[in-house]
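Structure record follows, encoded as structure tokens.
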Amino acid sequence: MNKELLEALEILEKEKNISKETMLEAIENSLITACKNHFGKADNIKVNINPETCDFAVLAEKEVVEEVEDPLMQISLAEAKMISPGFETGNIVQIPIESRSFGRIATQNAKNVILQKIREEERSVIYNQYYEKEKDVVTGVVQRYLGRNISINLGKADAMLNESEQVKGEVFQPTERIKVYVLEVKDTPKGPRISVSRTHPDLVKRLFELEVAEVKDGTVEIRSIAREAGSRTKIAVMSNDPNVDPVGACVGLNGARVNSIVNELRGEKIDIINWDDNPAYLIENALSPAKVICVVADEEAREAQVIVPDYQLSLAIGKEGQNARLAAKLTGFKIDIKSETQAREMGLFEQMGMDDQTEEGTYETYEEYDPYEGEYEQEYETADQADYEDGYQAGYQDNYQDDVIPQ
């Protein structure tokens, strides 16, 4: 039994996750390479390795002939008879070769073959390990800044957080531990090249899967997500179990679950709303915490007309149009928001076939309605800035408990 070789293979298998069978194949190829360097060719060389004991034998298969023309491939009948009297012309004789007789160059080449195989297998193992984590969240340690990019150590490999995938305003210190989303893993001759992100919307989704057991097991499903990294995220959730409140499960007791994710995202605000198959109800939920008078949605054109109370216009549009913009991304509808006064002046109530005195919370899915051509950014520009600040803060505080955290 070759104990030294057996122990070396077990250490490689344990530390680098390289299988013993792969290394035995590399040793076999290295011995054949050494024979080729030593004798000039190795067409008739055969290597036998016992995988249990790691004992190996190198044999040269030679044909028995009357007159030897190629000593490397042939053996005379007289010499064959000395090995075994039963050999006849045309038989194949296996002649043992002492590997210790190989020269320095042949031995060095054999060593290089084994080392090259170890490096290839190590790269392959690391690539496969991180390829399985593609489109998932991993924890890494910040190493250093490379220009405006950040090198992050993920354990056995380094990843690159490019400037385009960084959240504006986030600053990391060396040795700081952060969670990142694995965008892509490429196999290269120098090892796997891993690209990660802090801005991808699925980062928030994966963080909820890690933090909320109901999301991970499928009881609560995240149907849609819209994110402006570093500022605000809206997610729409639904429950596959009527006894489980999807928003409450994601928020957690006293907001513990969602606060954990907010801390990981460095204070990024997260709005959690209920998903609804009716696009009008979904759009109303997406515009929370703003209250809505009515929603008319055209499913074919993917457009919606929303009318809100005058004092809710700034809140519905949001700072620099953010609330409406995220709601549009979340629902997939182009949303045109008008105040109640504007709607009356434009005759939208009559155009929709609705009474002027419509109560808040009226919803309609309208197939042939041609919505008024207007953009929420233009409406925001005409809104009074002071009204926005006061209305947003007051409205958010009053409605957050109702719309986000269930009692």
Side-chain angles (χ1 to χ4, degrees), residues 137 179 200-293 295 297 304 306 308 312 315-319 322-333 335 360-363 392-407:
V137 170
K179 284 185 171 63
H200 201 284
D202 281 348
L203 172 63
V204 181
K205 183 178 180 180
R206 296 301 183 190
L207 289 175
F208 270 99
E209 290 177 356
L210 293 174
E211 191 68 31
V212 183
E214 291 84 353
V215 175
K216 187 175 183 179
D217 63 21
T219 303
V220 174
E221 184 179 349
I222 298 177
R223 293 297 304 272
S224 181
I225 185 166
R227 184 184 185 203
E228 292 190 357
S231 180
R232 183 176 292 274
T233 295
K234 284 181 180 284
I235 65 171
V237 295
M238 65 170 288
S239 176
N240 295 317
D241 185 342
N243 297 319
V244 176
D245 175 21
V247 175
C250 292
V251 172
L253 183 63
N254 296 325
R257 289 176 170 179
V258 72
N259 284 339
S260 174
I261 297 171
V262 168
N263 292 335
E264 177 60 40
L265 298 176
R266 307 299 178 93
E268 182 176 317
K269 298 178 180 63
I270 299 177
D271 295 340
I272 305 171
I273 68 165
N274 283 303
W275 172 268
D276 200 298
D277 291 329
N278 186 319
Y281 283 105
L282 178 61
I283 291 169
E284 190 272 343
N285 292 340
L287 287 171
S288 66
K291 296 298 183 182
V292 171
I293 293 178
V295 179
V306 179
V308 299
Q312 292 279 298
L315 182 59
I317 294 173
K319 186 177 182 180
Q322 185 184 67
N323 194 55
R325 190 164 57 248
L326 287 174
K329 289 181 181 178
L330 190 72
T331 60
F333 279 72
I335 301 174
E360 289 186 10
T362 301
Y363 313 101
Y392 182 85
Q393 295 298 329
Y396 185 81
Q397 294 297 328
D398 293 339
N399 296 308
Y400 182 82
Q401 293 292 334
D402 296 333
D403 295 326
V404 180
I405 303 179
Q407 297 296 324

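- A donor-acceptor pair is defined here as one N or O able to donate and one able to accept, closer than 3.5 Å; such a pair exists between the side chain of N285 and the backbone of N274.
- Contacts of R266 classified as side-chain hydrogen bond (donor to acceptor under 3.5 Å, both in side chains), with partners at least two apart in sequence or in another chain: E176.
- At least one side-chain heavy atom of V292 sits under 4.5 Å from a side-chain heavy atom of L287.
- If you take CD1 on I261 and CG on L210, they are separated by 8.5 Å, rounding to the nearest 0.5 Å.
- The list of salt bridge (charged side-chain N to carboxylate O under 4.0 Å, His left out) pairs with a residue in residues 272-283, not counting sequence neighbours, is empty.
- Checking side-chain atoms of E214 against main-chain N and O of V220 turns up no donor-acceptor pair under 3.5 Å.
- Under the 3.5 Å distance criterion, the side-chain polar atoms of S239 are left unmatched by any main-chain donor or acceptor of P246.
- Taking 4.5 Å as the limit, every side-chain heavy atom of K329 sits out of range of all side-chain heavy atoms of K234.
- At a threshold of 4.5 Å between non-hydrogen side-chain atoms, the residues S288 and D271 do not count as touching.
- Side-chain contact between I225 and F208 is absent, with no heavy atoms from C-beta onward closer than 4.5 Å.
- The closest donor-acceptor contact from the side chain of N240 to the backbone of G218 lies under 3.5 Å.
- Looking only at side-chain heavy atoms (C-beta outward), I222 and W275 stay at 4.5 Å or farther from each other.
- Proximity of L265 to L203: side-chain heavy atoms (C-beta onward) are separated by under 4.5 Å at one or more points.
- Proximity of a side-chain donor or acceptor of T331 to a complementary backbone N or O of I283 within less than 3.5 Å is not detected.
- A donor-acceptor pair is defined here as one N or O able to donate and one able to accept, closer than 3.5 Å; such a pair exists between the side chain of E264 and the backbone of K179.
- S260 places no side-chain N or O within 3.5 Å of a backbone atom of R257 that could act as its donor or acceptor partner.
- Side chain of E268 to backbone of V262: no donor-acceptor contact under 3.5 angstrom is found.
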